[in-house]
Amino acid sequence: MFRSDCHIHTVFSPDGNQTPEQMLKAAAEARLTEITVTEHCECNGNAALPDGETPWPDLDVKSYTETFEKLKEISPIKINIGIELGQATQGKEYAAKMTAAYNWDFILGSLHNMRNELDFYYIDYKGKDLKKLFSEYFSQLYETVSFGGFSSLSHLYYPVRYIYRAGMSVDMSLFDEQIYAVLELCAKKDIGLEINTSALNDKYGDFVPGLKYAAMFKDLGGKIVTVGSDAHRTDKVGLGIDKAYEMIKQAGFFEVATFEKQIPVFHKI
Ligand SMILES: [Zn+2]
Ligand SMILES: [Zn+2]
């Protein structure tokens, strides 16, 4: 049975913990038939890191792609080579440079921080106006999708996992109108929607996005859905893939997508 994880980080990402070989072994153990590696390319450099954090070096494209090209020759699991392009609108030249640096199979579009703000990972949410924060987040996410240049939109409401980790909660339906606009634009531009499984075993405990927004995407004419664990460690590879496929089916999709040279390939689920 086809099972694919389209969002994986290895040590080629500064926050990745394990080698390509270790992640591939984990993929085999998780009975995946295909993986897509998506190492970080943060287009705004280190602007969203707090003082004192070790700066992130740029992705070493040559070493990254050569390593995986070699692994492709011996791996029983199909490997696609991609990047996670963060904050493209905050570093448009860098985004263009990284996009052109290799014939990527897949480019995930992400927004990990708002302009002149820390990465959501580092924000202290106590006392924050979450409604204002999400409203601003979705408006900058809309800009990111308008700018485009990627295959699938990653973790639609990224800050949620950190807000729940901080012991707080937020009603996402407050932002339905903005989410609708983002999903409508993705559908119109043939950009995929990622179902990110990373918060499944976390305090948040659901997919990002969940069924409601996957179904909204379908209603809006969305055709491309990708599923990724966002694994930075071996124990997360393939997390919740089967459950995610079930959820997508409930939302009305009968196929999941992977990408080769940025062209979607559809697989019956
Ligand atoms: Zn990461
Ligand atoms: Zn991300």
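Just so you know, ligand 1 is whichever comes first in the structure, and atom 1 is the first atom listed for that ligand. Values reported hereafter were calculated over all heavy atoms of this structure, with side chains retained and with hydrogens, waters and symmetry mates removed.
For Asp15, the side chain to side chain contact (heavy atoms under 4.5 Å, CB included) partners two or more places apart in sequence, or in a different chain, are Ser13, His40, Trp56, His232.
Within the 2.8 Å limit, His9 places no N, O or S atom next to the Zn ion (ligand 1).
Salt-bridge annotation for Glu184 and Lys188: absent, with no side-chain N of the basic residue lying under 4.0 Å from a carboxylate O of the acidic one. Ion pairing between a basic and an acidic side chain is recognised when a charged N comes within 4.0 Å of a carboxylate O; Asp230 and Arg161 show such pairing. Between Lys223 and Asp190 there is no salt bridge, since no side-chain N of the basic residue sits under 4.0 Å from a carboxylate O of the acidic one. A salt bridge links Arg3 to Asp242: at least one charged side-chain nitrogen sits closer than 4.0 Å to a carboxylate oxygen.
Using a distance-only test at 3.5 Å, with no hydrogens or angles considered, a donor-acceptor pair links the side chain of Lys189 to the main chain of Val145.
Take the N/O/S atoms of Asp15: the one nearest the Zn ion (ligand 1) is OD2.
For the pair Lys268 and Phe254, the NZ or CZ position fails the cation-pi test of under 6.0 Å to the six-membered ring centre and within 45 degrees of the ring normal.
Of all protein N, O or S atoms, those under 2.8 Å from the Zn ion (ligand 2) number 3.
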